[in-house]
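Below you'll find the structure, written out as structure tokens, and then a few comments.
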Amino acid sequence: MSALAPSPLAIVDAEPLPRQEEVLTDAALAFVAELHRLFTPRRDELLARRAERRAEIARTSTLDFLPETAAIRADDSWRVAPAPAALNDRRVEITGPTDRKMTINALNSGAKVWLADFEDASAPTWENVVLGQLNLADAYERRIDFTDERTGKSYALKEGGELATVVMRPRGWHLDERHLQLDGQPVPGALVDFGLYFFHNAKRLIELGKGPYFYLPKTESYLEARLWNDIFVFAQDYVGIPQGTVRATVLIETITAAYEMEEILYELRDHASGLNAGRWDYLFSIVKNFRDGGSKFVLPDRNLVTMTAPFMRAYTELLVRTCHKRGAHAIGGMAAFIPSRRDAEVNKVAFEKVRADKDREAGDGFDGSWVAHPDLVPIAMKSFDAVLGAKPNQKDRLREDVRVAPGDLIAIDSLDAKPTYDGLVNAVQVGIRYIEAWLRGLGAVAIFNLMEDAATAEISRSQIWQWINAGVVFENGETATADLARKVAAEELTAIRTEIGDEAFTTGKWQQAHDLLLQVSLDADYADFLTLPAYEQLR
């Protein structure tokens with residue numbers, strides 16, 4: 001008797017989308033199903049390991065470089081694979097979601113790389129998940145255009161010019177995709193995003209002189225990097241392309257990963273392209289992991305934690321040192337400013353801050369950096385051009401002067417700044433405004449002239465939670481309490497209604513966003529990720 005055919009993936013509780021059959025082909029879904037069968041059990045084990053690690057940090061209030069991997073760090077002989085030509089010069093990278101307009105603007109932006117984001121800059125509605133894949137495929141086939149119904153403005157890919165190289169970011173390991181299930185179990189969102197993109201585009205990208213390149217988010221350990229490496233090996237064999245065609249850049253945006261940078265590169269060494277310094281998620285991770293550690297781990301307002309703070313400087317300098325020691329690219333952080341079309345003075349001040357930030361990164365040895373808006377590409381490009389000249393990168397700058405002790409990375413109390421009442425108000429304002437947009441399906445949102453994504457909301461609600469639980473007393477004499485957070489949130493909700501009018505307020509998701517922010521900010525049981533309860537409300 002012949003064996004039963006494997007169960008196909010079921011599309012669950014999802015309205016049909018235009019042209020979805022081009023993405024959700026039987027062959028593509030069979031590939032995703034195979035990824036799910038082979039790798040989801042290990043994903044589940046690694047998520048359980050995260051919880052164990054967090055419990056250990058709660059018990060000890062410290063972290064150290066791993067003794068069991070000391071030999072990897074001590075072995076000076078290994079290097080990551082050489083960068084492919086399309087990823088050798090990464091001096092400016094633009095980030096953003098994969099909607100049609102952003103796809104065109106990012107590819108046309110003049111940046112060397114576009115981080116095409118299915119993660120923090122994209123709310124994972126079924127429409128965003130599927131149509132984002134379609135937009136990328138259309139872009140590679142040069143059959144993409146867009147007309148803005150509101151303004152009538154049309155967008156198309158520029159002819160003949162060099163388009164940005166795409167590096168795609170799938171969702172983090174913690175998020176499932178409820179609309180794709182196998183035997184009633186949802187498939188991890190990371191495998192859905194990676195699988196559909198890789199299956200449809202790997203060979204097409206090779207023909208274009210590029211390849212399937214990925215940013216890996218929220219990585220917490222070298223074992224998670226090992227899982228990705230095994231997925232890459234399997235996927236390349238499955239579609240019949242050479243091993244080593246995939247390239248991955250890992251975001252070092254968790255405090256535990258900061259202690260395992262070399263090991264992460266080692267696990268991915270045949271596929272590794274570099275590491276990136278992701279600021280807001282990194283701070284969120286510090287709060288999450290050391291939330292029981294007492295006053296010495298209390299962060300001040302997020303805007304007071306600049307990249308020149310001693311513990312942030314230790315993190316970024318160690319990242320550059322590690323990458324260049326192993327032949328990998330070191331990519332700097334985000335310039336999130338959104339230029340004002342009305343206020344030239346605001347732009348002048350902000351552009352100067354962006355320029356200083358990018359000058360610092362280029363001077364420190366980074367090979368490139370991120371921006372959120374096309375207008376910032378020339379500013380960042382000028383900073384890196386001044387240091388790199390005609391060179392594609394500065395991986396030859398080994399930064400052997402850098403010495404980082406384990407305690408340097410968590411020396412939060414080395415920062416001479418305290419939480420402020422205005423910082424609490426800002427955290428509530430940004431949290432409500434971002435979550436409301438996210439619940440409407442928008443992941444990248446301009447708030448107070450900054451492009452915010454899910455990491456922003458995570459640090460906002462984490463700081464509210466931390467300040468309340470630490471009993472912080474603000475400069476105005478008020479103590480951070482749940483009642484104070486509720487009062488500020490109620491005032492913000494009233495202010496928003498006044499600002500946008502009753503009709504827009506009623507048709508939006510403002511009350512829902514307010515309630516969700518307070519839930520994840522005030523619950524005694526700290527939610528690992530805001531996006532988990534938020535996803536339950538995303539329709």
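Between I331 atom CD1 and L251 atom CG the span is 10.5 Å, to the nearest 0.5 Å. Between the CZ atom of R399 and the CG atom of L319 there is a distance of 11.5 Å, given to the nearest 0.5 Å. Here the CG atom belonging to N201 is positioned 13.0 Å from the NZ atom belonging to K210, to the nearest 0.5 angstrom. C323 contributes atom SG, which lies 12.0 Å from atom CG of L398 (distance to the nearest 0.5 angstrom). Distance check: E458 CD to T531 OG1 gives 5.5 Å after rounding to the nearest 0.5 Å.
The shortest heavy-atom contact between D120 and D453 is O-CB, 3.2 Å. The heavy-atom pair separating P378 from D375 by the smallest distance is CD-O, 3.4 Å. When all heavy atoms are compared, the tightest approach of D359 to S383 is OD1-OG, 2.7 Å. The two residues I435 and A457 make their nearest non-hydrogen contact at CG1-CB, 4.5 Å. Across all non-hydrogen atoms, the minimal contact from A235 to F198 is O-CE2, 3.2 Å. What you find for S122 and D117 is that their closest heavy atoms are CB-O, 3.4 Å.
Between Y315 and I252 there is a side-chain heavy-atom pair separated by less than 4.5 Å. Under the 4.5 Å side-chain criterion, counting only non-hydrogen atoms from C-beta, F351 is in contact with L376. Under the 4.5 Å side-chain criterion, counting only non-hydrogen atoms from C-beta, E224 is in contact with W173. In this structure, F194 and F118 have side chains that are not in contact, with every pair of non-hydrogen atoms separated by 4.5 Å or more. P339 is listed as a side-chain neighbour of R341, based on a closest heavy-atom distance under 4.5 Å. Two residues are said to be in side-chain contact when any heavy atoms from C-beta on lie closer than 4.5 Å; I231 and L191 meet this criterion. Contact of the L223 side chain with the R42 side chain is not registered, since no non-hydrogen atoms from C-beta on lie closer than 4.5 Å. Residues L157 and D145 form no side-chain contact, since every pair of their non-hydrogen atoms from C-beta on lies 4.5 Å or further apart.
Between the side chains of T147 and S154, a donor-acceptor pair is found at a separation under 3.5 Å. Remark: the N88 side chain and the N393 side chain contain an N/O donor-acceptor pair separated by less than 3.5 Å. A donor-acceptor contact closer than 3.5 angstrom links the side chains of D237 and Q243. Between the side chains of T249 and R90, at least one donor-acceptor pair of N or O atoms lies under 3.5 Å.
A salt bridge does not link D528 to R50: none of the charged nitrogens lies less than 4.0 Å from a carboxylate oxygen. Under the 4.0 Å criterion applied to side-chain N and carboxylate O atoms, R171 and E177 are assigned as salt-bridge partners. At a threshold of 4.0 Å, the pair R355-E352 counts as salt-bridged, since one of the basic side-chain nitrogens sits closer than that to a carboxylate oxygen. Using a 4.0 Å cut-off between charged nitrogen and carboxylate oxygen, R279 and E361 do not count as a salt-bridge pair. The pair D176-R43 counts as a salt bridge, with a side-chain nitrogen and a carboxylate oxygen less than 4.0 angstrom apart. A salt bridge links R143 and E22; the closest N-O separation between the charged side-chain nitrogens and carboxylate oxygens is under 4.0 Å. A salt bridge links R204 to E141: at least one charged side-chain nitrogen sits closer than 4.0 Å to a carboxylate oxygen. In this structure, D385 pairs ionically with R91, as a charged nitrogen and a carboxylate oxygen lie closer than 4.0 Å. Between E436 and R440 a salt bridge is recorded (basic side-chain N to carboxylate O distance below 4.0 Å). A salt bridge does not link R100 to E149: none of the charged side-chain nitrogens sits closer than 4.0 Å to a carboxylate oxygen. Salt-bridge check for K112 with D367: failed, with every basic side-chain N at 4.0 Å or more from each acidic carboxylate O.
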task: Tell me, with the steps shown, if T322 and L265 meet side-chain contact (heavy atoms from CB on, under 4.5 Å).
output: CA-CA 9 Å; T322 301; L265 286 177; 4.1 Å; yes
query: What's the verdict on ring pair (Phe, Tyr, Trp, His ring centres under 6.0 Å) for F214 and W228, showing C-alpha distance, side-chain angles and the deciding distance?
result: CA-CA 11 Å; F214 299 93; W228 269 118; 7.3 Å; no
Salt bridge (Lys or Arg N to Asp or Glu O under 4.0 Å) evaluation trace for R226 with E260: CA-CA 12 Å; R226 181 181 295 173; E260 302 180 33; over 6 Å; no
message: Could you walk me through whether E119 and K218 satisfy the salt bridge (Lys or Arg N to Asp or Glu O under 4.0 Å) test, starting with their C-alpha distance in whole Å, then the side-chain angles of each, then the deciding distance to 0.1 Å, before giving a yes or no?
response: CA-CA 10 Å; E119 200 232 0; K218 308 283 193 290; 2.5 Å; yes
- request: Applying side-chain contact (heavy atoms from CB on, under 4.5 Å), run through W126 and L180 and close with a yes or a no.
  value: CA-CA 10 Å; W126 185 236; L180 274 182; 3.9 Å; yes
message: With side-chain contact (heavy atoms from CB on, under 4.5 Å) as the criterion, how do T316 and F366 come out once you've worked through the C-alpha distance, each side chain's angles and the decisive distance to 0.1 Å?
response: CA-CA 9 Å; T316 55; F366 280 97; 3.8 Å; yes
task: Mind running salt bridge (Lys or Arg N to Asp or Glu O under 4.0 Å) on D148 and K153 for me, showing each step along the way?
output: CA-CA 5 Å; D148 190 319; K153 186 176 179 181; over 6 Å; no
message: Working note: F448 + N426, criterion side-chain contact (heavy atoms from CB on, under 4.5 Å); need CA distance, chi angles, decisive distance, verdict.
response: CA-CA 10 Å; F448 306 144; N426 182 258; 4.1 Å; yes
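No option in E262, E267, E263 other than E262 meets the salt bridge (charged side-chain N to carboxylate O under 4.0 Å, His left out) test with R326. Y140 pairs in a side chain to side chain contact (heavy atoms under 4.5 Å, CB included) with only one of the listed residues (L208, L107, L163, N135), which is L208. Under the side chain to side chain contact (heavy atoms under 4.5 Å, CB included) rule, W114 has a single partner from T103, T95, V167, which is T103. Remark: of the listed residues L115, T98, D193, D193 is the sole one forming a side chain to side chain contact (heavy atoms under 4.5 Å, CB included) with M168.
Applying the 6.0 Å contact sphere to CD of E21 captures more than 12 heavy atoms from other residues, nucleotides or ligands. Around the CD atom of E127, the shell of radius 6.0 Å holds no more than 12 heavy atoms that belong to other residues, nucleotides or ligands. The 12-atom threshold is exceeded at NZ of K391, counting heavy atoms of other residues, nucleotides or ligands nearer than 6.0 Å. Around the NZ atom of K382, the shell of radius 6.0 Å holds no more than 12 heavy atoms that belong to other residues, nucleotides or ligands. Residue D26 places its CG atom among 12 or fewer non-hydrogen atoms of other residues, nucleotides or ligands, all under 6.0 Å distant. In the displayed structure, F311 atom CZ is contacted under 6.0 Å by more than 12 heavy atoms of other residues, nucleotides or ligands.
Counting only distance, with no hydrogens or angles, the side chain of K358 and the backbone of W370 share a donor-acceptor pair below 3.5 Å.
Annotation: cation-pi pair R269/Y266 present, NZ/CZ under 6.0 Å from the ring centroid and within 45° of its normal.
Using bins of under 30°, 30° to 60° and over 60° for the plane-to-plane angle, the ring pair H271/F232 lands in the perpendicular bin.
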